[in-house]
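A short write-up of the structure that comes next.
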Amino acid sequence: TLFRSGAFLSSDGKHLYLSAFTPHEGVMVVDTTNGRIREVIATGGPVFEIAVTPDERKLFLAMGSAGLKRIDLETREQRILSAVACPLYLDIDRIGSRLYVAYQYGGPGGSPGHDVVDVYDVASEQSVGSIKGLPMVGQHPTVSPQGDMVLLDGNDACASPAYDHEGCLAVPSHVLHLWDVLNHRAIASIPPQIHVTASAFFPQGSRILFVGKDLTVWDWGRQMILEKATIPGMAFQSAAFTLAGDRAIVSASDRPAFLVLDAEKEECLPPINGLANFYSADGTLDDSQGVGSFRRENPPEYAAGHIGQAFRFNGKDSRLKAVAGGAFCTYCGSDWTVALF
């Protein structure tokens, strides 16, 4: 029996690091070429999550009540970086510069419902700051591929009656914050209508894929939903992208299955150059070209169109209404062109 809590795949794809509770309290190193356990690195206690530097020289361990530990993968020397309980979740940026440590039960300088995310410089192994004051019950932090954004999962900080809900935009809701690393501030909160189990940044641009009951593509730059898809009877657990960003792999939460999604080729998509607004009908009423949204008046369903997706009206009372403020071409004067595919 194996309870795996964290995983890391080396940059060359040859080694898979797995933190485990049983049968070993340690980190297993699996050779991906044959699937065999190469070694088990003793950790001195249970490990909740791991992070490994891209050069595979340092292994960081979130060990709950035992604090935050580092293991030198060349010498096996171990060091406690912080004895503060309870670091539970870790992530490291792609260049191996910053380590993000998410605490529960407050953490260093936090409070219930406002847990701290500590930030470490990987080279010096010293804390260089912390993210605090947000409604947070620490979960896995997700660093963007460029390292400029961190998505912070606040779990039930805005839902549980045990917390004060200070700073919450909606109660009850599952709260997530997008943290700007350079400017040290939260620049967006994920809309509460997006159900989130896990997330993944697209390799390029300002899009994030959220998985849960649905698959949702959200543009954090414009704070708009670009695409949304639901598969009846199926929910999703985790997601990852290929380095090129042309394929997404999503795991099901209720069955041993993966969903593989290939990006549509640009030549197959409707033309968007020069458009002031573009309503793709990809499961959303949001405008993926501008910053507007249709107003719901008995909204239509979504269906496959001759080109891309389509709205499906029932011929009776289905309606969509565009109002001033960005949902249509406000700056076009009294005339503009509308194209329907």
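These figures come from a predicted structure and were not determined experimentally. Keep in mind that the numbers below use all heavy atoms, side chains included, and drop hydrogens, waters and symmetry copies.
Ring orientation note: the planes of Y17 and H15 are nearly perpendicular, at an angle over 60° on the 30°/60° scale.
Across all their heavy atoms, P203 and A244 have their closest contact at CG-C, 4.4 Å. Closest heavy-atom contact between Y89 and G138: CE1-O, 3.4 Å. Here the closest heavy-atom approach between residue I225 and residue K228 is recorded as CG2-CB, 4.4 Å. Nearest heavy-atom pair, V84 versus Y103, reported as atom, atom and distance to 0.1 Å: O-CE2, 3.5 Å. In terms of heavy-atom proximity, D180 sits nearest to L182 at OD1-N, 3.0 Å. Of all heavy-atom pairs between V40 and G26, the closest is CG1-CA, 4.5 Å.
Side-chain contact check for L215 versus F236: some heavy-atom pair is nearer than 4.5 Å. Looking at M28 and E39, their side chains never come closer than 4.5 Å, going by heavy atoms from C-beta outward. Residues I190 and W220 are not in side-chain contact: their nearest non-hydrogen atoms beyond the backbone lie 4.5 Å or more apart. Between D282 and L226, every side-chain heavy-atom pair lies at or beyond the 4.5 Å cut-off. Proximity of R70 to Q78: side-chain heavy atoms (C-beta onward) are nowhere separated by under 4.5 Å. You'll find the side chain of R319 stays beyond 4.5 Å of the side chain of N298, heavy atoms only. Between E297 and D317 the shortest side-chain heavy-atom distance does not fall below 4.5 Å. Residues L61 and I71 are in side-chain contact: their nearest non-hydrogen atoms beyond the backbone lie under 4.5 Å apart.
At most 12 heavy atoms of other shown residues, nucleotides or ligands fall within 6.0 angstrom of atom CD in E166. A 6.0 Å sphere centred on CZ of R36 holds no more than 12 heavy atoms belonging to other residues, nucleotides or ligands.
With D153 as the fixed residue, the side chain to side chain donor-acceptor pair (under 3.5 Å) test singles out one of H140, Q139, H174: H174.
Looking at R255, its side chain never comes within 3.5 Å of a backbone N or O of A252 through a donor-acceptor pair. Here the side chain of D93 pairs a donor or acceptor atom with the backbone of S97 at under 3.5 angstrom. Judged by distance alone, the side chain of D286 and the main-chain N or O of S288 form no donor-acceptor pair under 3.5 Å. Judged by distance alone, with hydrogens and angles left aside, the side-chain atoms of D287 form a donor-acceptor pair with the main-chain N or O of F278 at under 3.5 Å.
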Contacts table for residues 204-213: side-chain donor-acceptor under 3.5 angstrom, sequence neighbours left out:
| unit_1 | atom_1 | unit_2 | atom_2 | d |
| --- | --- | --- | --- | --- |
| S206 | OG | D219 | OD1 | 2.8 |

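The stretch residues 178-206 participates, sequence neighbours left out, in these ring pair (Phe, Tyr, Trp, His ring centres under 6.0 Å) pairs: F202-F241. Here salt bridge (Lys or Arg N to Asp or Glu O under 4.0 Å) pairs that include residues 95-117, with residues two or more places apart or in two chains, are R98-D121.
For K58 and E77, the salt-bridge test fails: no basic side-chain N is under 4.0 Å from an acidic carboxylate O. Salt-bridge formation is not detected for the pair R38/D31: no Lys NZ or Arg NE/NH1/NH2 atom is positioned less than 4.0 Å from an Asp or Glu carboxylate oxygen.
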